Every structure is written in structure tokens, then in C-alpha cells.
Amino acid sequence: MDDGEKNALLMFLEAQRASVLAIIDGLDVESLTTPVLASGWTPLGLVEHLGYAERHWFQEIATGSAEPLPWPGDHTPLTTPRPPSVVFAFYRAQCERSNAVLASTPLSAPPRGRHPAPLGDEITDLRRIVLHMIEETARHAGHLDIVRELLDGKTGLGPR
């Protein structure tokens with residue numbers, strides 16, 4: 001039963017990840033790095049944030065450790081000084097690492113790391129980590145969808 005449930009969870013997570021990338025596909029560097037909303041985040045910064053989230057939840061929390069980041073974290077949250085190629089490679093690499101953790105760990109495995117309360121109190125096993133990442137990725141895909149519409153009017157992008 002664990003494999004069937006894992007496959008279902010991974011299918012939904014992968015669909016949301018694909019939506020994130022499809023929604024911003026075709027945007028030029030200026031559109032990817034320009035804040036559209038008053039809060040100041042950029043589409044590229046949000047993709048980098050999702051890479052950090054994948055790393056945090058599947059590596060730091062699920063396994064208790066993560067490889068050091070290749071750059072300092074000294075920038076405004078949800079923006080990035082890195083070029084799109086670097087950010088997209090980072091995001092894809094973190095997703096691959098997350099998939100490897102999911103493939104090699106039972107859904108019932110308790111986390112080895114700890115996220116602060118109150119959310120940390122809800123994360124009792126890998127299953128809830130995956131569910132949280134589906135939620136987080138879907139929420140940010142929605143943010144990107146709105147920004148894409150504001151940028152060039154395109155809507156309905158992505159597999160779902």
C-alpha cells in the first residue's frame with residue numbers, strides 16, 4: 001500500500017512542480033526578475049524559494065541534513081540575484097533530491113529534523129512532508145499564475 005500511496009502523492013507533487021515551470025515558461029529575464037505586486041517578490045525569486053522549500057523539507061527535516069548551499073543567502077526574500085539558468089537548475093536538482101528521499105524512505109518515517117512550531121508540530125512523518133509540499137507548491141503556482149496574467153495576459157498554463 002505504501003508504494004501506491006507514494007506514487008499518488010508523487011504524481012500530485014510532480015503535477016504542481018510542472019505547473020510552476022509551465023506558468024513561467026517563455027518569460028524573458030526582465031519579466032522573471034521584475035516585481036509585479038507591491039510585496040516585491042519576483043517570479044524567479046519564488047522559484048528559488050520553492051527550491052529552498054524542497055531542500056528544507058525533504059533534506060533538512062525528513063533526513064536531518066542537507067548539503068551546503070553553493071551561495072550565501074544574503075538577499076531580499078523571494079527575490080534572487082542569480083540568473084534564471086542557475087535558479088531553474090537549483091530547483092530541478094532539489095526536486096530530484098526530494099524524489100530520491102521519497103523513493104528510499106517509508107511514508108511513515110518520522111522526521112529526523114525539526115521545523116519550528118506550529119507547522120513543525122503537524123509534521124509527524126514523511127507523508128505529511130509530501131502533503132505540505134503539494135500544498136506549498138500549489139499555493140505558489142497560483143501566485144505565479146496571477147502574476148503571469150498581469151505580465152502578459154496568459155492564463156490556463158500548466159498541466160492542471
Side-chain angles (χ1 to χ4, degrees), residues 1-25 32 37 39-82 84 86-148 156-160:
M1 176 131 156
D2 197 44
D3 284 344
E5 186 179 3
K6 269 188 186 183
N7 290 338
L9 291 170
L10 182 58
M11 178 184 72
F12 278 87
L13 181 55
E14 288 283 10
Q16 294 306 317
R17 291 169 175 164
S19 288
V20 163
L21 295 174
I23 289 164
I24 59 175
D25 185 46
L32 286 169
L37 303 174
S39 56
W41 62 269
T42 66
L44 193 62
L46 194 56
V47 173
E48 186 174 275
H49 164 76
L50 285 168
Y52 282 116
E54 292 273 352
R55 180 181 181 274
H56 173 71
W57 286 104
F58 284 98
Q59 295 174 54
E60 294 174 345
I61 303 303
T63 69
S65 66
E67 293 181 20
L69 289 170
W71 53 70
D74 56 351
H75 63 276
T76 304
L78 301 177
T79 66
T80 181
R82 285 165 276 289
V86 171
V87 172
F88 292 135
F90 171 71
Y91 180 61
R92 287 184 176 103
Q94 298 314 303
C95 291
E96 287 175 16
R97 288 186 181 112
S98 298
N99 290 351
V101 170
L102 183 57
S104 64
T105 310
L107 289 172
S108 60
R112 292 186 176 178
R114 178 90 173 112
H115 186 83
L119 182 57
D121 295 337
E122 298 173 15
I123 305 300
T124 58
D125 55 23
L126 180 60
R127 177 181 292 101
R128 290 182 185 218
I129 289 172
V130 178
L131 289 169
H132 173 72
M133 279 310 302
I134 292 168
E135 173 189 47
E136 176 142 351
T137 307
R139 179 175 51 240
H140 291 320
H143 294 138
L144 289 167
D145 198 33
I146 291 166
V147 165
R148 180 66 187 254
L157 302 172
R160 296 203 182 245

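The model shown is predicted, which means the values in this text are computed figures rather than measured ones.
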Peer 1: Going by salt bridge (Lys or Arg N to Asp or Glu O under 4.0 Å), name the residues that satisfy it together with Arg112, two or more places apart in sequence or in a different chain.
Peer 2: none
Peer 1: Excluding sequence neighbours, so at least two apart, what forms ring pair (Phe, Tyr, Trp, His ring centres under 6.0 Å) with Phe88?
Peer 2: none
Peer 1: Only pairs at least two apart or in different chains count here, so list each side-chain hydrogen bond (donor to acceptor under 3.5 Å, both in side chains) that has a residue in residues 102-111.
Peer 2: none
Peer 1: Can you give me the closest heavy-atom contact between Thr42 and Thr79, atom names plus distance?
Peer 2: OG1-CA, 3.9 Å
Peer 1: Which pair of heavy atoms, one from Phe90 and one from Tyr52, lies closest together, and at what distance?
Peer 2: CE2-N, 3.6 Å
Peer 1: Looking only at atom types and distance, does a side-chain atom of Arg148 sit under 3.5 Å from a main-chain N or O of Asp25, one as donor and one as acceptor?
Peer 2: yes
Peer 1: Just to verify, what does Asp125 make a salt bridge (Lys or Arg N to Asp or Glu O under 4.0 Å) with, not counting sequence neighbours?
Peer 2: Arg127
Peer 1: Ignoring hydrogens and angles, tell me if any N or O in the side chain of Arg55 forms a donor-acceptor pair with the backbone of Arg97 under 3.5 Å.
Peer 2: no
Peer 1: Scan the side chains in residues 10-18 for donor-acceptor partners under 3.5 Å anywhere in the protein, sequence neighbours excluded, and list what turns up.
Peer 2:
residue, atom, partner, partner atom, Å
Glu14, OE2, Arg17, NH1, 3.3
Glu14, OE2, Asn99, ND2, 2.8
Arg17, NE, Glu54, OE2, 2.9
Arg17, NH1, Asn99, OD1, 2.7
Arg17, NH2, Glu54, OE1, 2.9
Arg17, NH2, Glu54, OE2, 3.3
Arg17, NH2, Asn99, OD1, 3.4

Peer 1: Roughly how far apart are Thr124 OG1 and Ile129 CD1, rounded to 0.5 Å?
Peer 2: 9.0 Å
Peer 1: I need the Asn7 CG to Leu102 CG distance, nearest 0.5 Å.
Peer 2: 8.5 Å
Peer 1: Which pairs, with at least one residue in residues 92-135 and sequence neighbours excluded, count as a ring-ring contact (aromatic ring centres under 6.0 Å, His included)?
Peer 2: His56-His115, Trp57-His115, Trp57-His132
Peer 1: For Ile134 versus Leu9, what's the shortest heavy-atom pair and its separation?
Peer 2: CD1-O, 3.6 Å
Peer 1: Looking at NE2 of His49 and CH2 of Trp41, how far apart are the two atoms once the value is rounded to the nearest 0.5 Å?
Peer 2: 10.5 Å
Peer 1: Considering non-hydrogen atoms only, spot the tightest contact between Ile23 and Ala141 and give its length.
Peer 2: CD1-O, 3.4 Å
Peer 1: Measuring from Arg139:CZ to Leu46:CG, what's the distance to the nearest 0.5 Å?
Peer 2: 10.0 Å
Peer 1: Roughly how far apart are Arg92 CZ and Gln94 CD, rounded to 0.5 Å?
Peer 2: 13.0 Å
Peer 1: How long is the straight-line distance from CZ of Arg128 back to CD1 of Ile61, given to the nearest 0.5 Å?
Peer 2: 15.0 Å
Peer 1: Looking at every heavy atom in both Pro43 and Leu144, which two are closest together, and how far apart are they?
Peer 2: CA-CD2, 3.7 Å
Peer 1: Which heavy atom in Glu136 sits nearest to a heavy atom in Ala53, and how many Å separate them?
Peer 2: OE2-CB, 3.7 Å
